[in-house]
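Hydrogens, waters and symmetry mates play no part in the numbers below; they use all other heavy atoms, side chains included. All figures in this text were calculated on a predicted structure; none of them were measured in a lab.
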Amino acid sequence: NTAVGFQTAFNLTTGQYSTYVGYNAGGIGTITGNSNTVLGYNAGYDLTSGHSNVLIGNSAGQNFTANNNNVVIGIDALESADAGEHYNVAIGSETLKTMNQPNGDGNVAIGFQAFKDLNVANPKGLAIGYQAAQGATTSTESTYVGYESGGSGVITGNENTCLGYRTGKDLTSGTANVFLGKDAGE
């Protein structure tokens, strides 16, 4: 293990093969998980048995405890997740910020505030682009690709596909829609 910074990996016990860098990185949790890379102020602050995570950025994965196999890069990315969220990719500030559900697994969010408000079990979603599906709260099995794809309103509908600049801008509770091209579904 490597730990650099004030109170970094402060309670590391049996965890192995990990790197912690930054003030409070790995924070106060009793760390038993292996193969974590944690860089940034308060990144992985509550981490305990979680393993095989990459957390980079201030408060990235801050509330992680038993979370596994996540890649989190960005300030406040996947910040609220605290135990049941695995196999996620969150790249960009505030991506998947409010996700805190058992089985909140298998999401890909890339871009500033992509899937910021998503907080549902078994979402299995994809959001790529600046604020893509930012307001999706309980949307599952949906794909949003493009600048503000899915708009910024609250999205509760499932199985939607929005591809292009501001596609599905007014989407809320609609299900099984396909919007393709600039401003489609506006």
Side-chain angles (χ1 to χ4, degrees), residues 1-134 136-137 140-141 143-144:
N1 294 306
T2 303
V4 178
F6 181 72
Q7 296 186 337
T8 299
F10 189 72
N11 292 314
L12 176 65
T13 58
T14 59
Q16 300 176 20
Y17 318 114
S18 297
T19 303
Y20 299 89
V21 178
Y23 183 95
N24 279 338
I28 61 168
T30 301
I31 301 171
T32 60
N34 299 328
S35 304
N36 290 300
T37 301
V38 181
L39 310 172
Y41 172 78
N42 280 348
Y45 185 75
D46 292 328
L47 190 63
T48 57
S49 62
H51 63 82
S52 308
N53 294 296
V54 175
L55 308 175
I56 300 173
N58 290 358
S59 301
Q62 178 174 342
N63 294 311
F64 271 27
T65 56
N67 308 69
N68 305 321
N69 297 290
N70 293 289
V71 175
V72 182
I73 301 172
I75 295 171
D76 296 332
L78 210 55
E79 177 187 25
S80 298
D82 67 1
E85 303 80 17
H86 312 294
Y87 318 109
N88 292 293
V89 175
I91 300 175
S93 294
E94 300 184 357
T95 53
L96 286 166
K97 182 177 180 172
T98 60
M99 174 57 71
N100 186 14
Q101 290 287 327
N103 302 314
D105 304 340
N107 297 292
V108 175
I110 300 173
F112 178 72
Q113 295 181 338
F115 270 153
K116 178 185 175 192
D117 295 332
L118 189 65
N119 192 18
V120 63
N122 300 307
K124 300 176 188 84
L126 172 71
I128 299 175
Y130 173 85
Q131 295 183 334
Q134 172 191 7
T137 57
T140 62
E141 300 172 357
T143 300
Y144 304 91

Do the side chains of Asn122 and Thr140 get nearer than 4.5 Å, heavy atoms only?
-> no
So, Glu85 versus Asn67: side-chain donor-acceptor pair below 3.5 Å or not?
-> yes
Kindly indicate whether the side chain of Asn68, heavy atoms from C-beta on, has any atom under 4.5 Å from the side chain of Ser52.
-> no
Determine the interplanar angle of the Phe115 and Tyr144 rings, folded into 0 to 90°, and report it as parallel if under 30°, tilted if 30 to 60°, perpendicular if over 60°.
-> perpendicular
Candidates Asn88, Leu96, Val54 - the one meeting side-chain contact (heavy atoms from CB on, under 4.5 Å) with Asn70 = Asn88
Any idea which heavy atoms bring Pro123 and Asn103 closest together, and the distance?
-> CD-O, 3.8 Å
Ile31 versus Tyr20: any side-chain heavy-atom pair under 4.5 Å?
-> yes
Considering all heavy atoms of both residues, which atom of Ala132 and which atom of Ala127 are nearest to each other, and what is their separation?
-> O-CB, 3.7 Å
Which heavy-atom pair separates Asn69 from Asn53 by the least distance, and what is that distance?
-> N-OD1, 3.3 Å
What are the two closest non-hydrogen atoms of Ala60 and Val72, and how far apart are they?
-> CB-CG1, 3.9 Å
If every non-hydrogen atom of Met99 is compared with every non-hydrogen atom of Asn107, which pair is closest and at what distance?
-> CE-ND2, 4.0 Å
Are the side chain of Gln62 and the backbone of Asp46 linked by a donor-acceptor contact shorter than 3.5 Å?
-> no
Tell me, yes or no, whether the heavy-atom count around Phe112 atom CZ, taken from other residues, nucleotides or ligands under 6.0 Å, exceeds 12.
-> yes
Contact summary for Asn100 and Asn119, nearest pair of heavy atoms | N-OD1, 2.9 Å
